[in-house]
Amino acid sequence: MLFSKPEYKEIMMPFKFDDSSDDFACGGISIEAFGDVFGEKKYCYASYTLKDKKMYDNGEYEQLRKLLADADGKNVKVVFKLIKGKTKDFKMDLDSLAKSCGDDRLRTLELVGCGMNHKSCLE
């Protein structure tokens, strides 16, 4: 068979908020989920912006950044795409992030980029 059907698996992972000034300057919100992914230590980094641009002006952007900065010990569901048993892609589940942090506004984030590494982007 030339093409394999992808398989999807979910893992609950702890995450860290990227509190960088670069992110703040461009209106971004970035988090990095980390942990054991099918026998390998992985770091899954994702950057978002707010879909509702009014949230930048009314203070909600800063509120969400503070909420995530204070989210130590919380988890996010990460959905991995596997092809032929190898991890090819991932997506952070924003519903689980919103539930974990207790704020539905996190469901409205818009993905602008992501990557998966063997070492942290935050170190």
Side-chain angles (χ1 to χ4, degrees):
M1 175 163 31
L2 186 58
F3 296 102
S4 294
K5 185 175 180 179
E7 178 182 3
Y8 296 91
K9 294 195 176 184
E10 301 173 351
I11 300 176
M12 291 300 290
M13 301 175 79
F15 68 88
K16 293 181 184 177
F17 171 65
D18 183 357
D19 196 15
S20 73
S21 58
D22 290 342
D23 238 17
F24 184 73
C26 69
I29 290 179
S30 298
I31 61 175
E32 183 177 68
F34 55 93
D36 180 66
V37 177
F38 316 118
E40 290 185 86
K41 180 78 171 187
K42 295 281 188 178
Y43 296 86
C44 303
Y45 191 87
S47 295
Y48 301 91
T49 58
L50 302 177
K51 284 182 185 176
D52 183 356
K53 304 307 178 205
K54 294 176 192 168
M55 293 173 74
Y56 290 107
D57 296 328
N58 66 12
E60 290 181 86
Y61 172 66
E62 289 83 2
Q63 292 170 12
L64 290 177
R65 287 181 57 86
K66 171 127 178 54
L67 177 74
L68 290 167
D70 295 341
D72 251 0
K74 302 214 189 272
N75 293 315
V76 63
K77 182 189 329 177
V78 182
V79 181
F80 291 93
K81 178 180 178 180
L82 294 94
I83 299 177
K84 295 183 181 179
K86 296 194 186 256
T87 307
K88 296 295 181 183
D89 198 9
F90 74 91
K91 181 179 179 183
M92 288 192 199
D93 180 76
L94 295 178
D95 287 337
S96 76
L97 180 65
K99 185 176 179 180
S100 177
C101 294
D103 195 319
D104 285 339
R105 296 177 296 180
L106 292 168
R107 288 184 169 95
T108 67
L109 297 177
E110 183 172 38
L111 182 67
V112 292
C114 63
M116 188 167 26
N117 302 299
H118 292 291
K119 64 179 191 170
S120 175
C121 294
L122 302 178
E123 295 174 0

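Throughout, residue positions are numbered sequentially from 1 according to the sequence presented. Only heavy atoms go into these numbers, but all of them, side chains included; no hydrogens, no water, no symmetry mates.
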Sequence neighbours excluded, which residues qualify as salt bridge (Lys or Arg N to Asp or Glu O under 4.0 Å) partners of [X]?
{"X": "Lys16", "result": "none"}
{"X": "Lys81", "result": "none"}
{"X": "Asp104", "result": "Arg107"}
{"X": "Asp103", "result": "Arg105"}

Could you check whether any side-chain heavy atom of [X] comes within less than 4.5 Å of a side-chain heavy atom of [Y], counting everything from C-beta outward?
{"X": "Cys101", "Y": "Leu68", "answer": "yes"}
{"X": "Leu109", "Y": "Leu50", "answer": "yes"}
{"X": "Leu67", "Y": "Leu106", "answer": "yes"}

Do the side chains of [X] and [Y] join up, straight or via other hydrophobic residues, at under 4.5 Å, putting them in one cluster?
{"X": "Ile31", "Y": "Met13", "result": "yes"}
{"X": "Tyr8", "Y": "Ile11", "result": "no"}
{"X": "Val76", "Y": "Val37", "result": "yes"}

Inset, instruction - Give a yes or no on whether Lys54 atom NZ has more than 12 heavy-atom contacts from other residues, nucleotides or ligands under 6.0 Å away. - result: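 At most 12 heavy atoms, drawn from other residues, nucleotides or ligands, come within 6.0 Å of this atom.
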Inset, instruction - With sequence neighbours excluded, tell me which residues meet side-chain contact (heavy atoms from CB on, under 4.5 Å) with Lys91. - result: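 Testing Lys91 for side-chain contact (heavy atoms from CB on, under 4.5 Å), a comparison that skips the adjacent residues, returns none.
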Inset, instruction - Please list, chain by chain and in numerical order, all residues satisfying side-chain contact (heavy atoms from CB on, under 4.5 Å) with Asn58, sequence neighbours excluded. - result: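 Per chain and number, Asn58 pairs via side-chain contact (heavy atoms from CB on, under 4.5 Å) with Met55, Glu60.
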Legend entry - Closest non-hydrogen atom pair, Met92 against Ala46: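 Heavy atoms only, the tightest pair is CE-CB, 3.9 Å.
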Legend entry - Sequence neighbours excluded, every pair satisfying ring pair (Phe, Tyr, Trp, His ring centres under 6.0 Å) that has a member inside residues 72-92: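 Qualifying pairs: Phe38-Phe80.
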Legend entry - Pairs flagged by ring pair (Phe, Tyr, Trp, His ring centres under 6.0 Å) wherever residues 10-29 is involved - sequence neighbours left out: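 As it turns out, the ring pair (Phe, Tyr, Trp, His ring centres under 6.0 Å) pairs with a partner in residues 10-29, which skip direct neighbours, are Phe24-Tyr61.
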Inset, instruction - Can you run down the side-chain hydrogen bond (donor to acceptor under 3.5 Å, both in side chains) pairs that involve residues 68-78, sequence neighbours left out, and say none if there aren't any? - result: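 Checked against side-chain hydrogen bond (donor to acceptor under 3.5 Å, both in side chains) - neighbours excluded - the pairs reaching residues 68-78 are Lys66-Asp70.
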Identify every side-chain donor-acceptor pair in residues 110-123 under 3.5 Å, counting partners at least two apart or on other chains, and give the distances.
{"unit_1": "Ser120", "atom_1": "OG", "unit_2": "Glu32", "atom_2": "OE1", "d": "2.6"}
{"unit_1": "Ser120", "atom_1": "OG", "unit_2": "Leu122", "atom_2": "N", "d": "2.9"}

Inset, instruction - Among Ile, Leu, Val, Met, Phe, Trp and Tyr joined by side-chain contacts under 4.5 Å, find the other residues sharing a cluster with Met12 and list them by chain and number. - result: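 Taking Ile, Leu, Val, Met, Phe, Trp and Tyr as members, Met12 stands alone, with no cluster partners.
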Inset, instruction - Show the numbers, then the answer: is there a side chain to side chain contact (heavy atoms under 4.5 Å, CB included) between Asp93 and Glu10? - result: CA-CA 9 Å; Asp93 180 76; Glu10 301 173 351; over 6 Å; no
Legend entry - Sequence-distant partners of Ser47, side chain to side chain donor-acceptor pair (under 3.5 Å), two or more places apart: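 If we apply the side chain to side chain donor-acceptor pair (under 3.5 Å) test to Ser47, skipping adjacent residues, the hits are Ser30.
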Inset, instruction - Could you point out which residue of Leu97, Leu94, Thr108 forms a side-chain contact (heavy atoms from CB on, under 4.5 Å) with Tyr48? - result: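 When Leu97, Leu94, Thr108 are each tested with Tyr48, the side-chain contact (heavy atoms from CB on, under 4.5 Å) holds only for Leu94.
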